[in-house]
Amino acid sequence: MRNSFQIKLITNHKDYPYDLLLLADETIHAIDKYLYESMVYVVYEMVKPIAVFCLYPVNTETLEIKNIAVSPEFQGMGLGSQLLDFIKENYQQYPNLIVGTADCGLAQIRFYERNGFVKYAIRKDFFIKNYELPIYENGQLLKDMIMLKYTLNA
């Protein structure tokens, strides 16, 4: 992580950067379903928020990444992979780290696989059941969520 970057746990809900959160999730309503039960971290360059991630403890064994987003101007620089490394290093008490992404989000799936995650489940019709309006990505209707898992010390 560059020296000018600072990762900060956000404790005041007024400080949540919805503009960044919306890069990884389609609606504020969907974000608010998990945000208040998650540990929310913001990455700053100087004072400017440039990335965010939300971690939700599913149980004592599993931590779920509910949202991870990097500002477009900082994408492609390895920051997302550095954030995953930060999570892996700082939350080793959870042997399983999971994340879900759209079945047609091929770039996102490849990103997680490059970082050691493997596909392990599908949440059928997740996007149809959990969002009021249809969502399209890469010209395809989002239906199923692909679940990926990283197991520490695997």
Side-chain angles (χ1 to χ4, degrees), residues 1-2 5-44 49-71 74-132 135 137 140 142-154:
M1 189 94 32
R2 287 191 350 203
F5 292 162
Q6 179 186 15
I7 298 176
K8 182 177 172 187
L9 177 65
I10 301 301
T11 55
N12 184 344
H13 70 275
K14 293 178 182 168
D15 294 333
Y16 292 152
Y18 278 95
D19 58 329
L20 290 172
L21 291 162
L22 285 164
L23 294 173
D25 210 333
E26 282 68 26
T27 67
I28 290 174
H29 177 71
I31 292 167
D32 284 345
K33 286 182 181 178
Y34 57 78
L35 196 60
Y36 299 100
E37 286 87 37
S38 297
M39 295 167 283
V40 180
Y41 288 86
V42 176
V43 181
Y44 296 90
I50 61 165
V52 64
F53 57 96
C54 302
L55 306 175
Y56 175 77
V58 175
N59 55 41
T60 59
E61 301 282 314
T62 304
L63 185 67
E64 183 171 359
I65 300 171
K66 288 287 195 175
N67 188 312
I68 185 168
V70 175
S71 176
F74 289 89
Q75 292 177 4
M77 299 177 178
L79 182 55
S81 294
Q82 290 176 30
L83 297 181
L84 290 178
D85 289 343
F86 173 89
I87 296 165
K88 292 171 188 176
E89 291 169 18
N90 288 280
Y91 286 92
Q92 293 185 13
Q93 69 269 33
Y94 295 96
N96 301 304
L97 182 59
I98 64 171
V99 66
T101 194
D103 54 352
C104 61
L106 302 179
Q108 295 93 321
I109 293 169
R110 281 194 303 272
F111 166 74
Y112 289 114
E113 289 177 335
R114 277 195 318 271
N115 283 282
F117 287 73
V118 294
K119 295 176 193 167
Y120 77 95
I122 297 174
R123 291 184 181 166
K124 286 290 204 189
D125 296 327
F126 177 87
F127 293 97
I128 294 170
K129 292 176 183 174
N130 290 286
Y131 293 86
E132 288 182 25
I135 303 168
E137 186 173 309
Q140 291 184 294
L142 272 61
K143 288 176 49 182
D144 302 331
M145 178 180 280
I146 303 295
M147 297 301 299
L148 298 104
K149 180 190 293 189
Y150 176 87
T151 303
L152 286 175
N153 306 317

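Predicted model, so just to flag it, every value in this text is computed and none were measured.
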Working for side chain to side chain contact (heavy atoms under 4.5 Å, CB included), residues Ile10 and Val52:
CA-CA 10 Å; Ile10 301 301; Val52 64; over 6 Å; no

Please step through side chain to side chain contact (heavy atoms under 4.5 Å, CB included) for the pair Asp15 and Val42, ending with a clear verdict.
CA-CA 9 Å; Asp15 294 333; Val42 176; over 6 Å; no

Worked check of side chain to side chain contact (heavy atoms under 4.5 Å, CB included) between Val43 and Phe74:
CA-CA 11 Å; Val43 181; Phe74 289 89; over 6 Å; no

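In this structure, Leu84 and Ile68 have side chains that are in contact, with non-hydrogen atoms separated by less than 4.5 Å. Using a 4.5 Å heavy-atom threshold, the side chains of Asn96 and Val58 count as separate. The shortest distance between side-chain heavy atoms of Tyr16 and Ile31 does not fall below 4.5 Å. Counting heavy atoms from C-beta on, the side chains of Ile98 and Tyr120 come closer than 4.5 Å. Counting heavy atoms from C-beta outward, Val118 and Thr151 have side chains that stay 4.5 Å or more apart. Between Val70 and Leu83 there is a side-chain heavy-atom pair separated by less than 4.5 Å. Here the side chains of Phe53 and Ile7 are in contact, with some heavy-atom distance below 4.5 Å.
Note that OG1 of Thr101 and CZ of Arg110 are 11.5 Å apart. Values are rounded to the nearest 0.5 Å. Taking CD1 of Ile146 as the start and CD of Gln108 as the end, the distance is 11.5 Å to the nearest 0.5 Å. Phe86 contributes atom CZ, which lies 15.0 Å from atom OG of Ser81 (distance to the nearest 0.5 angstrom). Rounding to the nearest 0.5 angstrom, the gap separating the CG atom in Leu148 from the CG atom in Leu97 is 10.5 Å. Atom CD1 in Ile87 sits 9.0 Å away from atom OH in Tyr41 (nearest 0.5 Å). In this structure, OH on Tyr91 lies 7.0 Å from CG on Leu63, to the nearest 0.5 angstrom.
For Lys8, the NZ atom is loosely surrounded, since the number of other residues' heavy atoms within 6.0 Å does not exceed 12. Other residues, nucleotides and ligands contribute more than 12 heavy atoms inside 6.0 Å of the CD atom of Gln93.
The two residues Thr60 and Tyr94 have their closest heavy-atom pair at O-CD2, 3.8 Å. Taking both residues in full, the closest heavy atoms of Lys66 and Ser38 are given as CG-OG, 4.2 Å, listed atom of the first, atom of the second, then distance. Across Lys119 and Glu113, no two heavy atoms sit closer than the pair CE-OE2, 3.3 Å.
The closest donor-acceptor contact from the side chain of Gln6 to the backbone of Tyr44 lies at 3.5 Å or more, if one exists at all.
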Using a 3.5 Å cut-off and no angle test, enumerate the donor-acceptor pairs between side-chain atoms of residues 17-29 and protein atoms at least two apart in sequence or in another chain.
unit_1 : atom_1 : unit_2 : atom_2 : d
Tyr18  : OH     : Asp32  : OD1    : 2.5
Tyr18  : OH     : Tyr36  : OH     : 3.4
Asp25  : OD1    : Tyr131 : OH     : 2.5
Asp25  : OD2    : Tyr34  : OH     : 3.0
Thr27  : OG1    : Ala30  : N      : 3.0

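Among residues at least two apart or in separate chains, salt bridge (Lys or Arg N to Asp or Glu O under 4.0 Å) pairs with a member in residues 121-130 are Glu64-Arg123, Lys124-Asp144. Applying the salt bridge (Lys or Arg N to Asp or Glu O under 4.0 Å) test to every pair with at least one member in residues 79-108, sequence neighbours left out, gives no pairs at all.
In this structure, Tyr56 has no ring pair (Phe, Tyr, Trp, His ring centres under 6.0 Å) partners at least two apart in sequence or on a different chain. Qualifying side-chain contact (heavy atoms from CB on, under 4.5 Å) partners for Gln140, counting only residues two or more places apart in sequence or in other chains: Cys104. By the ring pair (Phe, Tyr, Trp, His ring centres under 6.0 Å) test, Tyr150 pairs with Phe117, sequence neighbours left out.
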